[in-house]
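Encoded as structure tokens, the structure appears first; notes follow it.
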Amino acid sequence: MKIYNSYTRKKEEFKPIEEGKVRMYACGPTVYNYFHIGNARTFMFFDVVKRYFEFIGYDVNYVQNLTDIDDKIIAQAIEEDVKASKVAEKYISAFNEDRAKLGIDTPTHQPKATKYIKEMIRFIKELVDNGFAYEQNGDVYFSVDSFKGYGSLSGRKVEDLIAGARVAENTAKKNPADFTLWKDAKPGEPEWGSPWGKGRPGWHTECVVMSKDLLGVPFDIHGGGTDLLFPHHENENAQAKALYHSELAKVWMHVGFLNIDGEKMSKSLKNFFLAREVLEKYDSETVRFYFLSKHYRSPIDYNAEILAESEKAVANFYDALSMIDIKEVRALTVDDSMSKYEEEFNAAMQDDFNTAKAIAVLFDLSKSVKNFSVEESDRKMAASLLLKLGGSLGFFQNPEEKLKSGESSEELVKLLIKCRNAFKKEKMWQYSDMIRDELKGLGIVLMDTPDGTKWTRK
RNA sequence: GGCGACAUCGCCAAGUGGUAAGGCUAAGGUCUGCAAAAUCUUCAUCCCCGGUUCGAAUCCGGGUGUCGCCUCCA
């Protein structure tokens, strides 16, 4: 298994710290709003990472945090005129709803930042005591000059950061690149007692403290969106290195951004799509296919045409699955005749999660399933492997449910097909075609196959 | 200004030294009463210029273009 490590900027052979186990952490949402389609890409990608590691036999401990205390949450609380904790609660359950709708598994742990306040205070105090951080008017900052190596993860130099035109002015900081660990509470804001007075922790500490608690440091994989590389992950790693004398994680993975019609998604451009809005228009598997059809590190464009293509591609798989008995096929043991496909699929996935290439193998299998000139036992075998390999990417989580409309369960359609076949037998084409056309108008498509007439909803 | 990514058929997208996967679309054939589905066939020399090499989409240099991070952000 090779994975591109943002830290070394190279593809590296993945070696778990502990044999047979993967300990991974991916930055989750700040729960101040519903998450958008770009967030969904990252969440879904790490879901695939988790699924695939499990598929090849690893025991995966996957932690995804919930940032439930943050400036943005406070701002949202003021806007909704409720307490900050209410805002967090509301969007945590919304997060989990949307996550489930996208077919993303529940992570092993979903720690909330507010459950770790004490540990974070202790951690920050230790940084202060060891000279890596300092207090200023109730705020605590991490001092980037206090130890060597700040910037090593993201490949930046402290001098360059200062030279950067837009480093915020903050006279309280010793170095403009210093970042906040603890923030003094203004009246009315959520607050916790600390050695520096009442306040709340900064964003960069929670991941260090929670990952240490739930995974141990260092752990195998740390991931997030590409924008998190700097400053968030850099800052996390700096804290870990300062106190734990260790990198926080061995491998750092970053998912590329999603653009809307070629432009960056932003509220001001009004091209902002929530995941739940997208799911009203498209099936979750369409979205999954769309994400996985391009390599995770590349930027991806969101537009109606691409989603329409993805929709057709997924339908292609279900066309194949509708031609076989899923229960029967699922019980099959895949034999060596299919090993070529399996090897190809795994080779693609194990080359830095080349999902686009892996999907090509799924199409090959789909083609075999649909090909009536292929031996029936081989068609079933191909279908079995299609379910299995597709499943490792999170596809086909409930194919029976999805294909229900395609089975002859609805008596009226069955009856009409019977009538049509009777007309066909008498060569009364105008009547048989009328039935087919009328049904098509209702979104029901008939197909005459060697096994009889089948139908699906489009 | 600093750091980085990308540029492959009409569209999407793999490929990182050995002669261009796959999907969507399109055209034609087979099958079909006609369709649909299936199936077969056809459709690119890889942004430009130079270099390295027996050989480059793939490596190096220089352009051009697009994008991201450096500020909360997946």
Side-chain angles (χ1 to χ4, degrees), chain A residues 6 9 11 26-30 32-33 35-46 70-72 75 151 154-157 159-168 177 203 223-232 234 254-259 262-267 275 289-290 292-295 297-301 303 305-314 316-317 319-320 322-323 344 348 351 354-364 366-367 369-374 423-425 427-430 432-433 436-437 440 445-450 453-456 458:
Chain A
S6 306
R9 297 184 197 180
K11 266 189 212 172
C27 291
T30 298
Y32 70 104
N33 200 342
F35 67 87
H36 57 68
I37 188 68
N39 295 302
R41 184 190 188 192
T42 304
F43 300 155
M44 194 176 278
F45 174 69
F46 286 106
D70 181 90
D71 290 4
K72 290 195 291 292
S154 55
R156 281 160 225 260
K157 299 188 185 103
E159 308 90 81
D160 295 340
L161 291 173
I162 299 161
R166 289 178 292 175
V167 171
W203 177 42
T226 184
D227 56 324
L228 259 39
L229 178 60
F230 188 91
H232 185 53
E234 184 69 58
H254 293 96
V255 181
F257 256 32
L258 179 148
N259 299 312
E263 281 182 310
K264 184 174 170 170
M265 186 171 6
S266 79
K267 285 184 177 167
F289 184 93
Y290 156 63
L292 298 184
S293 63
K294 186 154 182 173
H295 190 87
R297 282 189 278 122
S298 305
I300 190 172
D301 197 49
N303 59 61
E305 289 85 339
I306 292 170
L307 269 288
E309 278 182 16
S310 301
E311 204 161 44
K312 283 182 187 161
V314 173
N316 188 330
F317 293 138
D319 281 347
S322 72
M323 294 178 180
E344 213 175 305
D351 181 14
N354 193 335
T355 50
K357 206 172 175 182
I359 281 174
V361 178
L362 262 33
F363 277 112
D364 285 343
S366 173
K367 231 180 234 176
V369 177
K370 287 196 273 194
N371 190 343
F372 287 109
S373 60
V374 168
F423 286 127
K424 275 174 71 179
K425 208 165 196 174
K427 298 195 192 300
M428 297 165 82
W429 309 123
Q430 66 180 116
S432 67
D433 287 355
R436 185 174 62 194
D437 293 344
K440 194 176 180 185
V445 181
L446 299 189
M447 287 175 288
D448 294 328
T449 75
T453 303
K454 303 213 167 179
W455 63 279
T456 50
K458 291 281 163 173

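The model shown is predicted, which means the values in this text are computed figures rather than measured ones. Proteins get letters first, then strands, A, B, ... in listed order; numbering begins at 1 in each.
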Within the structure shown, what part of the strands sits under 4.0 Å from A:His36 by heavy-atom distance: base, sugar-phosphate, or nothing?
base
note: A:Leu228, atom CG; B:U71, atom P; distance rounded to Å ~ 14 Å
Say we look at B:G50 and B:U39: how far apart would their P atoms be, to the nearest angstrom?
45 Å
Counting any heavy atom closer than 4.0 Å, what does A:Leu229 reach on the DNA or RNA strands: base, sugar-phosphate only, or nothing?
nothing
Paired to B:G68 by Watson-Crick or G-U wobble criteria (both distances under 3.5 Å) is B:C3
Could you work out the separation of B:C70 and B:G63 based on their P atoms and round it to a whole Å?
26 Å
I need the A:Asn371 CG to A:Met323 CE distance, nearest 0.5 Å.
10.0 Å
Would you kindly give the CZ-to-C1' distance between A:Arg41 and B:G68, to the nearest whole Å?
12 Å
Of the listed nucleotides B:A74, B:A38, B:A14, the one nearest the side chain of A:Ser298
B:A14
Sugar-phosphate means primed atoms, P, OP1 and OP2; the rest is base. With that split, encode nucleotides 28-37 of chain B 5' to 3' as B, S or - using protein heavy atoms under 4.0 Å.
-----BBBBS
To the nearest 0.5 Å, what is the distance between CZ (A:Arg9) and OG (A:Ser154)?
8.0 Å
Whole Å only: how far is the CZ atom of A:Phe257 from the P atom of B:G68?
9 Å
Atom pair NZ/CG of A:Lys294 and A:Leu258 - distance to nearest 0.5 Å:
10.5 Å
Under 3.5 Å on both distances, the Watson-Crick or G-U partner of B:U45:
none
Inspect the contact between A:Lys357 and A:Asp351 and indicate whether a charged nitrogen and a carboxylate oxygen are less than 4.0 angstrom apart.
no
Verify the distance criterion only: is there a donor paired with an acceptor across the side chains of A:Asn316 and A:Ser366 at less than 3.5 Å?
yes
For atom C1', what is the distance between B:G51 and B:A14, given to the nearest Å?
28 Å
Residue closer to the 5' end of RNA chain B, A:Thr30 versus A:His295 (nearest nucleotide)
A:His295
Pairwise P distance for B:G28 and B:U19, with rounding to whole Å
34 Å
Check: A:Phe423 and A:Trp429 side chains under 4.5 Å, non-hydrogen atoms:
no
Shortest non-hydrogen contact between A:Pro299 and A:Asn259, atoms and distance:
CB-ND2, 4.2 Å
For A:Arg297 and A:Thr226, indicate whether the former's side chain and the latter's backbone hold a donor-acceptor pair under 3.5 Å.
no
I need the CG-C1' distance between A:Leu362 and B:A14, as an integer number of Å.
15 Å
If the C1' atom of B:C31 is compared with that of B:U41, how far apart are they to the nearest Å?
15 Å
As an exercise, state the distance from OG of A:Ser6 to CZ of A:Phe230, rounded to the nearest 0.5 Å.
14.5 Å
Could you work out the separation of B:C46 and B:G10 based on their P atoms and round it to a whole Å?
13 Å
I need the CG-P distance between A:Asn33 and B:A74, as an integer number of Å.
10 Å
Nucleotide nearest A:Asn354 (side chain, heavy atoms from C-beta), chosen from B:C12, B:A74, B:A14:
B:A14
Quick test of your reading of the model: are A:Arg436 and A:Asp433 salt-bridged, counting only N-O distances below 4.0 Å?
yes
Treat primed atoms plus P, OP1 and OP2 as sugar-phosphate and everything else as base, then score nucleotides 19-24 of chain B 5' to 3': B for base contact with protein heavy atoms under 4.0 Å, S for sugar-phosphate contact only, - for none.
--BSBB
If the P atom of B:C24 is compared with that of B:A20, how far apart are they to the nearest Å?
23 Å
Nearest whole Å is fine: how far is B:U66 P from A:Asn259 CG?
14 Å
What does B:C9 pair with, Watson-Crick or G-U, if both distances are under 3.5 Å?
none
Ignoring backbone atoms, establish whether A:Arg9 has a side-chain N or O less than 4.0 Å from OP1 or OP2 of B:G4.
yes
Watson-Crick or G-U wobble mate for B:A37, both contacts under 3.5 Å:
none
Looking at every strand, decide which applies to A:Gly38 at a 4.0 Å heavy-atom threshold: base, sugar-phosphate, or nothing.
base
Between B:A44 and B:A35, how far apart are the C1' atoms? Round to whole Å, please.
33 Å
Parallel, tilted or perpendicular, as decided by the 30° and 60° cut-offs, for the rings of A:Phe43 and A:Phe35
perpendicular
Between the CZ atom in A:Arg41 and the CZ atom in A:Phe46, the distance rounded to the nearest 0.5 Å is 10.5 Å
In the structure shown, which nucleotide is the Watson-Crick or G-U wobble counterpart of B:G18, with both distances under 3.5 Å?
B:C54
Rounded distance (Å) that lies between atom C1' of B:C73 and atom CD1 of A:Ile37:
16 Å
CZ of A:Phe230 versus C1' of B:C72: gap in Å, rounded?
13 Å
